[in-house]
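Have a look at the structure below, then the notes.
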Amino acid sequence: MTEQNPSSENSAAETHPRSIRSFVLRQGHMTAAQQRAIDTLWPDFGVDYQAAPLDLNACFGRDSDKVLEIGFGMGVATVEIAKRLPQKDFLAIDVHGPGVGNLLKLMEEENVNNIRVMRHDAVEVVENMLADGSLGGIHIFFPDPWHKKRHNKRRLVQAPFIAKLLPKLKTGGYIHLATDWEEYAVQMLDVLRGFEQLQNTAADYAPTPAYRPETKFEARGKRLGHGVWDVVFVKK
């Protein structure tokens with residue numbers, strides 16, 4: 001889960017409705033190792049935001065299937081997925097500085113080079129940097145559930161945002177969502193079912209694909225009896 005909400009942001013959002021945004025800024029302590037990873041590895045693996053199309057093949061140095069991950073937390077699962085799918089390339093986006101630093105640190109430790117990292121609002125990246133049909137997959141794992149009913153409208157997975165994402169997916173590309181909040185899982189399923197160009201890969205919720213590792217947070221939740229739901233749809 002990668003999003004939290006300072007109280008000042010809450011009050012501002014209530015009085016000044018905003019456009020879709022993939023995050024709410026939160027404070028966090030950057031360790032020396034995380035900062036060093038950013039300082040030394042960003043030139044090779046970081047991608048700066050620009051309001052212009054990004055050539056993904058040039059960015060990764062090869063012609064391969066590209067997967068967009070929105071909100072990677074501390075990057076542990078992202079690195080593991082990249083290791084399990086070495087034939088694919090991953091554009092991972094988050095705004096949390098310590099998480100960005102930790103992902104880069106893990107990439108160095110695990111010798112993983114099929115990830116590029118961005119620290120920016122994913123919505124602007126999708127709108128301005130990604131070409132239509134450029135993605136083979138989209139991952140959104142454990143986004144902030146905004147569990148209070150009055151905050152549900154802030155959830156990332158809603159029809160207007162999915163409508164922005166779909167043109168970026170190539171035919172046969174997939175969108176994979178996961179949450180440990182059942183009511184949000186129901187919403188995710190309903191939202192994706194609302195797009196006729198998407199087809200569910202299961203009757204409702206999908207078995208967890210082999211490439212998605214179980215996080216420590218997820219394992220703890222399961223031990224406590226909490227559920228986890230994966231939703232996987234493919235673009236027709």
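For the numbers below, each heavy atom of this structure counts, side chains included, while hydrogens, waters and symmetry mates do not.
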Using side chain to side chain contact (heavy atoms under 4.5 Å, CB included), reason through Val67 and His176 one step at a time and then give a plain yes or no.
CA-CA 10 Å; Val67 178; His176 179 185; over 6 Å; no
Mind running side chain to side chain contact (heavy atoms under 4.5 Å, CB included) on Met188 and Val157 for me, showing each step along the way?
CA-CA 6 Å; Met188 289 176 170; Val157 181; 3.9 Å; yes
Is there a side chain to side chain donor-acceptor pair (under 3.5 Å) between Tyr49 and Asn128? Walk through the geometry before answering.
CA-CA 9 Å; Tyr49 174 76; Asn128 299 319; 2.7 Å; yes
Go through Ile175 and Ile162 one step at a time and tell me if the side chain to side chain contact (heavy atoms under 4.5 Å, CB included) criterion holds.
CA-CA 9 Å; Ile175 180 166; Ile162 300 302; 3.9 Å; yes
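Taking CG of Leu169 as the start and CG of Leu198 as the end, the distance is 7.5 Å to the nearest 0.5 Å. Note: Leu91 CG to Arg116 CZ = 9.5 Å, rounded to the nearest 0.5 Å. Residue Leu135 holds its CG atom at 6.5 Å from CG of Leu56, rounded to the nearest 0.5 Å. Taken to the nearest 0.5 Å, the NZ atom of Lys153 stands 9.5 Å off from the CD atom of Gln158. Distance CZ/Phe142 to CH2/Trp181: 14.0 Å, rounded to 0.5 Å. Separation of atoms CE (Met30) and CD (Gln35) is listed at 4.5 Å; rounding is to 0.5 Å.
Of all heavy-atom pairs between Lys236 and Gln199, the closest is CE-CB, 3.8 Å. Taking every heavy atom of both residues into account, Ala163 and Phe195 meet most closely at N-CZ, 3.8 Å. Pairing each heavy atom of Gln50 with each of Met129, the nearest pair is O-CG, 2.9 Å. Closest heavy-atom contact between Trp42 and Val117: CH2-O, 3.4 Å. Heavy atoms only, all atoms of each residue included: Pro213 and Ile81 are closest at CD-CG1, 3.5 Å. The shortest heavy-atom contact between Ile115 and Ala92 is CG2-CB, 4.2 Å.
With a 6.0 Å radius and a threshold of 12 heavy atoms from other residues, nucleotides or ligands, Lys216 has its NZ atom at or below the threshold. By the neighbour-count criterion of 12 heavy atoms within 6.0 Å, atom CD of Glu196 is sparsely surrounded, having that number or fewer from other residues, nucleotides or ligands.
At distances below 3.5 Å, not a single donor-acceptor pair connects side-chain atoms of Asn102 with backbone N or O atoms of Gln34. Tyr184 places no side-chain N or O within donor-acceptor distance of the main-chain N or O of Pro143, the cut-off being under 3.5 Å.
A parallel orientation is assigned to the rings of His139 and Tyr211, their planes being inclined by less than 30° (bins at 30° and 60°).
In this structure, the side chains of Leu192 and Leu177 come closer than 4.5 Å at one or more pairs of heavy atoms. Leu41 has its side chain out of reach of Met107: every pair of non-hydrogen atoms, C-beta onward, lies at least 4.5 Å apart.
Under the side-chain contact (heavy atoms from CB on, under 4.5 Å) criterion, Asp132 pairs with Pro167, Lys168, not counting sequence neighbours. Under the side-chain contact (heavy atoms from CB on, under 4.5 Å) criterion, Glu214 pairs with Glu218, Ala219, Lys222, not counting sequence neighbours.
Screening residues 33-58 for salt bridge (Lys or Arg N to Asp or Glu O under 4.0 Å) gives Arg36-Glu108 as the qualifying pairs, with residues at least two apart or on separate chains. Applying the salt bridge (Lys or Arg N to Asp or Glu O under 4.0 Å) definition to pairs two or more places apart or across chains, those involving residues 81-91 are Arg62-Asp89, Asp65-Lys88, Lys66-Asp89, Glu80-Lys83, Glu80-Arg84, Lys83-Glu110.
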Identify each donor-acceptor pair in which a side-chain atom of residues 201-210 lies under 3.5 Å from a protein atom, sequence neighbours left out, and give them as a table.
residue, atom, partner, partner atom, Å
Thr201, OG1, Val232, O, 2.8
Tyr205, OH, Val186, N, 3.4
Thr208, OG1, Asp230, OD1, 2.8

Quick one: side chains of residues 68-79, donor-acceptor pairs under 3.5 Å with protein atoms, not counting sequence neighbours, listed by atom name and distance.
residue, atom, partner, partner atom, Å
Glu69, OE1, Thr78, OG1, 2.8
Glu69, OE2, Thr78, OG1, 3.3

